[in-house]
Amino acid sequence: MAGLWGAWGRDLPSVSDLDVLEFSGQTRVYDRTGQLVGTLTPSLSSGSGENRNLLKLGEISPWLQKAVVTSEDRRFFEHHGVDYIGITRGLLKGLLRNDLEGGSSITQQVVKNTLLSDLQGARTPERKFKEALLAYQIDRSFDKNKILNSYLNVVYWGDGGRTDIVGAGTAAHAYFRKNAADLNLAESVYLATIIPAPNRRYKDFKAYRPLMKSLLARMVEDGRVTQAEADAAWKTEIYPAGWRIGWSPDGTVRTATLERPDRLQENINTMEAQGGESRYRFQHYLQAVEKELLPLIGRKALYGGGQIYTGMNLQAQQSAEQASRQASNLPEGATLGIALVSPVNGEVLALVGQKLTAGRPSDWNNATQGRRQVGSAIKPLLYTLALENKWKQSDTVLDAPIAGDYQPMNYDRRWSGRYVTMRFALDHSLNLPTVRIAQELGIQTFEAKLREMNFTVPRDAGLSLSIGTLEASPLQMASAYATFANGGLYYAPTLVRKAQDARGKLLYTRPAPTPKRIWDAQTAWLGLDMIRGVVNDLTEPQGGLATRAQIPGWDVGGKTGTTNEIKDLWFAGVTPTIAGAVWVGKQEGGAMPDWAYSGTVPTPIWQQAVAGALQGQPKATFQQPSGITYRVVRQVNMAFREAEADTEPVARNGDRSTAQGGGFFGRRQTRPSAPALSRRWRPLRSLRRRQWRKSRRPCRLTRRRTPSPYRRISDQPRMSPPPRSPRPRNQWPPAAGP
């Protein structure tokens, strides 16, 4: 036993977590101005879901309490947490009579579904040892009614569809459209008999009906009901949601047809609607507050009453939630995550973790918990790293296939064979120049910079990291982009300013935010100038990727991102007072339709959320540091360090040893050899170029001519190119999109 304790008995969860039932809804949460935004509702998590509809024992039908005890743990009020007699009896009945009576006590099941929910799926000696030890501790710490109450709030009663049925309150509404206190004996016995396998037993009412008679007989045997009550319950007609049942007077079932299993979810939706639309307001922000404070002050203090003051901007939170509800352009089956932060100190202004509907949103918070590949939204960080290393926006990079084993390609599977400016490459989200930039800088240098911003860099990502294989949450991306707006300082995102107990005693106060310098002020400004170009350099018909992020009267910069097979769509951007990111994708992963583009799906959501947050606010501008000047290069106004503004652009092809001066096309004669390329990948002929030039119109914003529609890299549908020889299948790997 000492050996088992040494191996498994340390670092056990605290049994005091079950005290949450005593503190329901007492702790108030306020925004940054002191306005009440909600109360923290304790939850009990089971292995199948989380229940925030916690009921007191007096709010649950006594019939259901008796039926569950008889069904799940007949000696519950006699043993001390572990029923060794019950375990033995269950084993014997299972072997000799094929009886399904279980062996784990109710107390053990409470432990399994709450304190050890992370080990629930593992049938191991470690789990059984911890389960028994914690069950004994709980039995000594709480009375039996408190333990039974906890069990009835965490037991899994089936899959309602969108929502798991967890706890007696939800089960009563889902199956019978009643409050848990109003269940009669027959309904209570039905709910108790389906607990061991609710999804299977719900779908075959007639086959499992005899279990109800068996349970009623045991309840009579245990003295929990009289024989008359049991006989009356057997003859009581019940109609679980979705079932059409024909009854005989003696309680037998003539016919039973499952017509509408979706009624379970409908009943849950009705229950949720009764709480009003405001019931789930700000849910994901409040949950994030809980996760931040819980390890700092503990569960009892968190739910024991008092006040919590946060950095929430109520206007921004409401705007983000409205943008989520009105996001009508999402692909079927897709959801989203939104995070807005303050560049001034890293405070989280708003969080939305799901596509919001009229019902209760999922507990999973995509804004903070989700980790998805970011695609081209990572490129501004790489380009700014190049600027930190004394590159210039006017420096040119070869847009051509790369020699070696790694063979990325541009989003539209074309390349020009020309040296394009860094500004042009980012505006059009070209992958080939981006990978060459990473080659020349060194991918390890880029990895180190990402780690400075608290990203977890995948192992052996290699050059693919430069075009978006990094996995991050919207909150992480928003915090990284905030460095463009505040002069290069990174603040770890925080939600809570301070917490007090019910008597006003200070439990926690946030230390003064300590920034980490990621970029010097001039470099941050140059990076900001580039992402402002992504939003403003091109109109949408010209191939502008992020024009829909523009907010009238406000300066905006940002970048779109699309991953392989259109699994993830991103937009991350900044204004002088708000940085934010939006992710759109399927919760379970998987490709979205071809029509979904990052410029048309997440970008308008970001724009609506941020524009609403800024509405009525005094206009602010980005603070330009000293030592910055501007030059018009190829009809684009670009920012430079004063010392570098008039130096020749450097032409680069990804080789550190060959970077040289010589203008925009200084190295065109050194194209890499690619004998295996099909005609599809060859540069377009000069005759066709001359023909295209005739039809190109000047751009009103930049006075540049419109890029060729056949070479345009954009999130918009493009014109078909001239006929060409077919490309061999699978010659090139897929590429991240704009």
Side-chain angles (χ1 to χ4, degrees), residues 60-74 89-90 93-94 96-102 152 155-161 165 167-271:
I60 300 173
S61 168
W63 299 123
L64 182 61
Q65 298 176 39
K66 295 176 180 180
V68 166
V69 169
T70 302
S71 175
E72 297 297 303
D73 187 0
R74 297 178 73 175
R89 183 177 62 220
K93 285 189 176 183
L96 301 177
R97 297 169 51 184
N98 198 28
D99 193 303
L100 295 177
E101 184 175 342
L152 291 170
V155 63
Y156 174 69
W157 253 296
D159 178 11
I165 304 171
T170 305
H173 280 278
Y175 288 99
F176 296 109
R177 299 191 69 176
K178 289 185 174 183
N179 293 325
D182 299 329
L183 293 169
N184 60 37
L185 178 56
E187 293 163 340
S188 298
V189 168
Y190 171 80
L191 289 178
T193 58
I194 68 172
I195 286 176
N199 294 320
R200 185 176 73 248
R201 296 187 178 188
Y202 163 73
K203 294 176 181 177
D204 198 346
F205 182 88
K206 201 169 185 179
Y208 292 100
R209 169 70 172 164
L211 294 180
M212 295 181 61
K213 192 163 194 175
S214 174
L215 178 54
L216 285 167
R218 280 183 280 148
M219 294 179 71
V220 172
E221 182 182 333
D222 293 346
R224 294 192 168 97
V225 298
T226 65
Q227 187 63 56
E229 289 171 332
D231 292 341
W234 177 250
K235 296 177 182 179
T236 300
E237 298 178 1
I238 60 173
Y239 299 91
W243 278 94
R244 181 166 55 85
I245 303 172
W247 291 96
S248 297
D250 62 355
T252 58
V253 177
R254 296 196 312 271
T255 61
T257 304
L258 180 58
E259 295 182 328
R260 289 191 57 199
D262 56 340
R263 283 291 298 274
L264 291 173
Q265 184 64 62
E266 291 177 9
N267 290 345
I268 295 173
N269 293 342
T270 300
M271 176 192 72

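Basis for what follows: all heavy atoms, side chains included, without hydrogens, waters or symmetry-related copies. Source: prediction; values computed, not measured.
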task: Take Arg74 and Met219, measure what side chain to side chain contact (heavy atoms under 4.5 Å, CB included) needs, and give me the verdict at the end.
output: CA-CA 9 Å; Arg74 297 178 73 175; Met219 294 179 71; over 6 Å; no
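Exactly one of Thr170, Ile195, Leu264 qualifies for a side-chain contact (heavy atoms from CB on, under 4.5 Å) with Trp157. That residue is Ile195. Screening Leu191, Asn184, Asp182 for a side-chain contact (heavy atoms from CB on, under 4.5 Å) involving Phe176 leaves a single residue, Leu191.
With sequence neighbours left out, Gln65 forms a side chain to side chain donor-acceptor pair (under 3.5 Å) with no residue at all. Looking at residues two or more places apart in sequence or on another chain, you find no side chain to side chain donor-acceptor pair (under 3.5 Å) involving Thr255. Partners of Ala172 under the side chain to side chain contact (heavy atoms under 4.5 Å, CB included) rule, at least two apart in sequence or in another chain, are Ala180, Leu183. Take Ala217 and apply the side chain to side chain contact (heavy atoms under 4.5 Å, CB included) test, not counting sequence neighbours, and it matches no residue. Residues that satisfy the side chain to side chain donor-acceptor pair (under 3.5 Å) test with Asn179, not counting sequence neighbours, are His173. A search for ring pair (Phe, Tyr, Trp, His ring centres under 6.0 Å) contacts involving Tyr175 returns Tyr202, not counting sequence neighbours. The side chain to side chain donor-acceptor pair (under 3.5 Å) search around Asn269 returns Arg162, Gln265, not counting sequence neighbours.
A salt bridge (Lys or Arg N to Asp or Glu O under 4.0 Å) check over residues 223-242, counting only residues at least two apart or in different chains, returns the pairs Asp222-Arg224. Counting only residues at least two apart or in different chains, salt bridge (Lys or Arg N to Asp or Glu O under 4.0 Å) contacts with residues 254-264 comprise Arg244-Glu259, Arg260-Asp262, Arg260-Glu266, Arg263-Glu266. Sorted by first and then second residue, the pairs that involve residues 184-194 and meet salt bridge (Lys or Arg N to Asp or Glu O under 4.0 Å), not counting sequence neighbours, are Lys178-Glu187.
Using a 4.5 Å heavy-atom threshold, the side chains of Val220 and Thr226 count as separate. Between Ile194 and Met212 there is no side-chain heavy-atom pair separated by less than 4.5 Å. Counting only heavy atoms from C-beta outward, the side chains of Phe205 and Leu258 never approach each other to under 4.5 Å. Looking at heavy atoms from C-beta onward, Leu216 lies in side-chain contact with Trp234 at the 4.5 angstrom threshold.
Closest approach of Lys206 to Val253, counting heavy atoms only: CE-O, 3.5 Å. Listed here is the closest heavy atom pair of Gly251 and Arg209: O-NH2, 2.9 Å. When all heavy atoms of Asn199 and Asp159 are compared, the closest pair comes out as OD1-N, 2.8 Å. Residues Gly160 and Ile165 approach most closely at N-CG1, 3.8 Å, considering heavy atoms. Taking all atoms of both residues into account, the shortest heavy-atom contact from Ser188 to Leu64 is OG-N, 3.2 Å. Counting all heavy atoms, side chain and backbone alike, Thr236 lies closest to Trp247 at O-CH2, 4.4 Å.
Here the CZ atom belonging to Arg218 is positioned 7.5 Å from the OG1 atom belonging to Thr70, to the nearest 0.5 angstrom.
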